[in-house]
Each structure stands twice: as structure tokens, then as C-alpha cells.
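Comments concern the structure below.
No experiment lies behind these values; they were computed from the predicted model shown. The first residue in the sequence is number 1, and the count goes up from there.
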Amino acid sequence: MDRLQGRWVQRSFEEDGEADRPDTHGAQGAVMKVSGCTFHVALPEGATLLEGSFRLDEARYPKCIDWMDAIGDDAGQTIPAIYELDGDFFRFAAADPNMERPEGFAGGQGITIRSFSRA
């Protein structure tokens, strides 16, 4: 949890198996700030795109993260995901709400993959 804290810049995005699609919840260069168990995603100029909370399960393999958006289309729903955190690199693969948690980073229908580097 401590290693995830701070500011992260989005570097890549894939949704439904397609890289760099139009993205309503992020953007190339968007900044995600993690503080405790909360996150805030904003465009570089400051406009908020998304915010909410998360829960980690580091004991499972792959490591699991559940996102809970506070605003937007998925507000109030649990978004099951897996993640990797290696130094200044963070990525996650998230399933649409009500789908099974991804087992890997292969992508596909209903899966969103984002990668970040530490800002």
C-alpha cells in the first residue's frame, strides 16, 4: 500500500482489446493521485475525470485490487482488477463491473488495462 501512494502519470490504455481508444475515464498524460485508499484522476490541466476508493489484496496471485468509483458511469459498483507494481511502474487490468476478475494482462472484451509511471 505504501509503495502505491503519490502521483502517477498514465502512459498507456487498452479497452476491449483495442489500444488507445477514446478514453472517458483517463487520458494519455492524465495524473492519478493515490492518498491512503483513495484515488483522484485528472487531466494535466486539472479537470477531474474520476475519483473513488480502492481495496488491495496482496496475498493473492496475481495481486488484486478492487476499484470503487465515486463518480461517473460505474459509481457505487465494484470493479475487480489485478495489478503489478514494480518500482516506478504500475499497471492494472480491470474487468467491467459484474464480470469475473481478470487472470492476466491479455486484455479482451470487457477488460481495461492502464499503465502508469511515477510522476
Side-chain angles (χ1 to χ4, degrees):
M1 175 70 89
D2 290 341
R3 292 179 23 224
L4 191 56
Q5 303 300 301
R7 294 170 44 93
W8 297 88
V9 177
Q10 182 172 304
R11 300 299 181 194
S12 67
F13 167 72
E14 176 185 315
E15 185 175 48
D16 295 330
E18 294 182 44
D20 301 319
R21 293 176 54 162
D23 184 0
T24 57
H25 298 110
Q28 192 74 357
V31 177
M32 177 175 67
K33 182 178 179 188
V34 176
S35 179
C37 292
T38 65
F39 68 93
H40 179 266
V41 180
L43 292 172
E45 60 272 6
T48 297
L49 295 170
L50 196 60
E51 60 188 15
S53 61
F54 65 92
R55 181 177 49 242
L56 297 178
D57 184 349
E58 298 178 29
R60 293 177 57 183
Y61 182 81
K63 294 179 180 179
C64 298
I65 186 167
D66 289 327
W67 300 104
M68 285 78 62
D69 294 352
I71 61 174
D73 296 340
D74 297 325
Q77 299 182 70
T78 298
I79 301 167
I82 60 171
Y83 75 97
E84 292 179 332
L85 180 57
D86 184 14
D88 291 336
F89 178 78
F90 170 61
R91 76 173 174 163
F92 67 84
D96 286 344
N98 302 315
M99 284 182 58
E100 293 292 317
R101 185 180 311 278
E103 295 180 6
F105 289 91
Q109 189 63 37
I111 305 296
T112 299
I113 301 172
R114 297 183 190 276
S115 67
F116 299 83
S117 61
R118 192 168 295 280

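Ile82 and Ile65 fall into different hydrophobic clusters, where Ile, Leu, Val, Met, Phe, Trp and Tyr are joined by side-chain heavy atoms under 4.5 Å apart, directly or via other members. Linking Ile, Leu, Val, Met, Phe, Trp and Tyr whenever their side-chain heavy atoms come within less than 4.5 Å leaves Phe13 and Phe89 in two separate clusters. Note: the hydrophobic cluster containing Phe90 also contains Leu49 (ILVMFWY, side chain heavy atoms under 4.5 Å, direct or indirect links). A continuous path of ILVMFWY side-chain contacts below 4.5 Å connects Ile71 to Ile79, so both sit in one hydrophobic cluster. Trp8 and Leu43 fall within the same hydrophobic cluster, where Ile, Leu, Val, Met, Phe, Trp and Tyr residues are linked whenever their side-chain heavy atoms come under 4.5 Å apart, directly or through other members.
Of the inter-residue distances, the one linking Lys63 atom NZ with Tyr61 atom OH reads 10.0 Å to the nearest 0.5 angstrom. Between the OG1 atom in Thr78 and the CE atom in Met68 there is a gap of 6.0 Å [rounded to 0.5 Å]. Here Gln5 contributes atom CD and Arg118 contributes atom CZ; the two are 9.0 Å apart, rounded to the nearest 0.5 Å. From Ile113, atom CD1 reaches atom OG of Ser12 across 8.5 Å, with rounding to the nearest 0.5 Å. Here Leu85 contributes atom CG and Phe92 contributes atom CZ; the two are 12.5 Å apart, rounded to the nearest 0.5 Å.
Put simply, the side chain of Glu51 never gets that close to the backbone of Val41: no donor and acceptor are under 3.5 Å apart. Judged by distance alone, the side chain of Glu14 and the main-chain N or O of Ala93 form no donor-acceptor pair under 3.5 Å.
For Arg7, the CZ atom sits in a loose shell: 12 or fewer heavy atoms of surrounding residues, nucleotides or ligands are nearer than 6.0 Å.
Among all heavy-atom pairs drawn from Pro102 and Ala81, the shortest one is CD-CA, 4.2 Å. Minimum interatomic distance between Gly29 and Pro44 (heavy atoms only, all atoms of both residues): O-CG, 3.3 Å.
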Chi angles and distances behind the side-chain contact (heavy atoms from CB on, under 4.5 Å) call for Leu4, Phe54: CA-CA 11 Å; Leu4 191 56; Phe54 65 92; 3.9 Å; yes
Criterion side-chain contact (heavy atoms from CB on, under 4.5 Å) on Ile111 and Phe105, from CA distance to verdict: CA-CA 9 Å; Ile111 305 296; Phe105 289 91; over 6 Å; no
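Ring geometry, Phe39 versus Trp67: the interplanar angle exceeds 60°, so the pair is classed perpendicular (tilted spans 30 to 60°).
Counting only residues at least two apart or on different chains, the salt bridge (Lys or Arg N to Asp or Glu O under 4.0 Å) pairs with a member in residues 91-109 are Asp66-Arg101, Glu84-Arg91.
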